[in-house]
2 protein chains.
Amino acid sequence: MAKKLDKSTEDRIKAAAEKIFLEKGFSAARTRDIAEESGLNLALINYYFRSKENLYNIIMMEKLIVFFNIIIDVLDDVNLTILERADKIVNKYTDLLLKEPNLPFFLLSEIQQNPDFFASKLNIKEKLVGSKTIRNLLLEENKKENMHFLLSFLGITLFPFIVRNVFEKLYDLTESEFSQILNERRVFIANLLTEIYPKVNQLTPEDNV
Amino acid sequence: MAKKLDKSTEDRIKAAAEKIFLEKGFSAARTRDIAEESGLNLALINYYFRSKENLYNIIMMEKLIVFFNIIIDVLDDVNLTILERADKIVNKYTDLLLKEPNLPFFLLSEIQQNPDFFASKLNIKEKLVGSKTIRNLLLEENKKENMHFLLSFLGITLFPFIVRNVFEKLYDLTESEFSQILNERRVFIANLLTEIYPKVNQLTPEDNV
DNA sequence: GTCTATAGCGAGATAGAC
DNA sequence: GTCTATCTCGCTATAGAC
């Protein structure tokens, strides 16, 4: 505690860049926007980070890690049942994405533009696909069913955050009204998963408690 | 039939622009890319469409209509039960998005950058929120539950197309392998909806058959 | 380390020949 | 209508004073 209250110049640039890149994406973001947002000077961005692209990559890496670690950290926690793990993932994503609404879209656009780079970096792939739970899911005979379940679970959890803007505009909801829906959704998803639990139950025999 | 086999210059530019904009988005797309893709000349883009932005808007409008009409057209079809309508929507989106994988992301990025413009244009909002079925969903006392159901249904249906690249890379799937999963998913979703049908059933009393 | 001024280039748009 | 050549501007990056 009691770290420096006023952030270093480097941190101020990073914070500003994070905001701008997450809002606009790489191409539409201008280094001038970042300079203005940080209250600092254009030249300092290159002094500290060498180039716009380098700064972008640093932020993108950090965000990829934050995002995927939510799943990675919980996936093989054998102290929890599958449903408890699912619940924990839902809650952690809800906490994160209420704070950083632009995050899913930011990561998607990066992966969209640069899929091979995404696959090779950060050994996210190894950690995810190498996890015991995922291996169980994918090595079984009903691999396809498991893939559908995974897509559905993540869809139910993440899709509302991805289309947040669309729904707010279509239904004239304020940000805080939609935030409330997203908060309530933790329970809705938990109930939904319980209802279809027999199905889940079949899918990961080794892991169930 | 027997329309001109070789498309007009205008159509060739539009086709090329569609491809490039859907791949790269507005900012990253260059008019030079579009010229090259069409096999035509840079100057012709401005001759026919006046500006990059104008060309982009034309394409974006068309795509918004195509995308939202899938829901709008089926929503109030009283000849179908709610489940049959859901099924039809799933199948129509699957057909469309197998052909145009970049479409959801393209529309999302537009709405992300320009939410107010999206809301005001094309009276998509009026058509969607004005539909009898949606009004029933939203005017009831259990409005919140219905919103959750809608988010879940669309999430299960559309999310796999949105994260297509991510899953292909993480699980080393070819395009055609994932296409097969998406095709099989029509049935998976139909079954899932049947399982949770009692819930659906409560939600739209006026409409059920 | 921080700033101002500017170099250098890439991209959209257009003039003008055919 | 279609092309080549070019104008112009806005952006990233950097030189150089403090």
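A note on names: the letters A, B, ... follow the listed sequences, proteins ahead of strands, and every chain is numbered from 1. All values reported here derive from a predicted model rather than from experimental measurement. Computed over heavy atoms, backbone and side chain alike; hydrogens, waters and symmetry mates excluded.
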Starting at the 5' end of nucleotides 11-18 of chain C, put B wherever the base has a protein heavy atom under 4.0 Å, S where only the sugar-phosphate does, and a dash everywhere else. BBBBB---

Expressed in angstrom and rounded to an integer, what is the separation of B/Glu36 atom CD from D/dC3 atom P? 14 Å

I'd like to know if B/Glu177 and A/Lys144 make a salt bridge, using a cut-off of under 4.0 Å between side-chain N and carboxylate O. no

Ionic contact status for A/Glu23 with A/Lys19, cut-off 4.0 Å: yes

Does the pair B/Lys14/B/Glu18 count as a salt bridge with the N-to-O cut at 4.0 Å? no

Checking B/Thr133 against B/Arg85: is there a side-chain donor and acceptor pair closer than 3.5 Å? yes

Taking CD1 from A/Ile13 and C1' from C/dT2, how many angstroms apart are they, rounded to a whole number? 10 Å

Please say which of A/Leu182, A/Leu96, A/Leu103 ends up in a side chain to side chain contact (heavy atoms under 4.5 Å, CB included) with A/Phe161. A/Leu182

Residues B/Arg32 and B/Glu36 bridged, charged N to O under 4.0 Å: no

Rounded to the nearest angstrom, tell me the gap between atom CG in A/Asp33 and atom P in D/dA13. 14 Å

Interatomic distance, A/Leu40 CG vs C/dT4 P [rounded to whole Å]: 11 Å

Just the rounded figure in Å: distance from P of D/dC11 to CD1 of A/Ile20. 13 Å

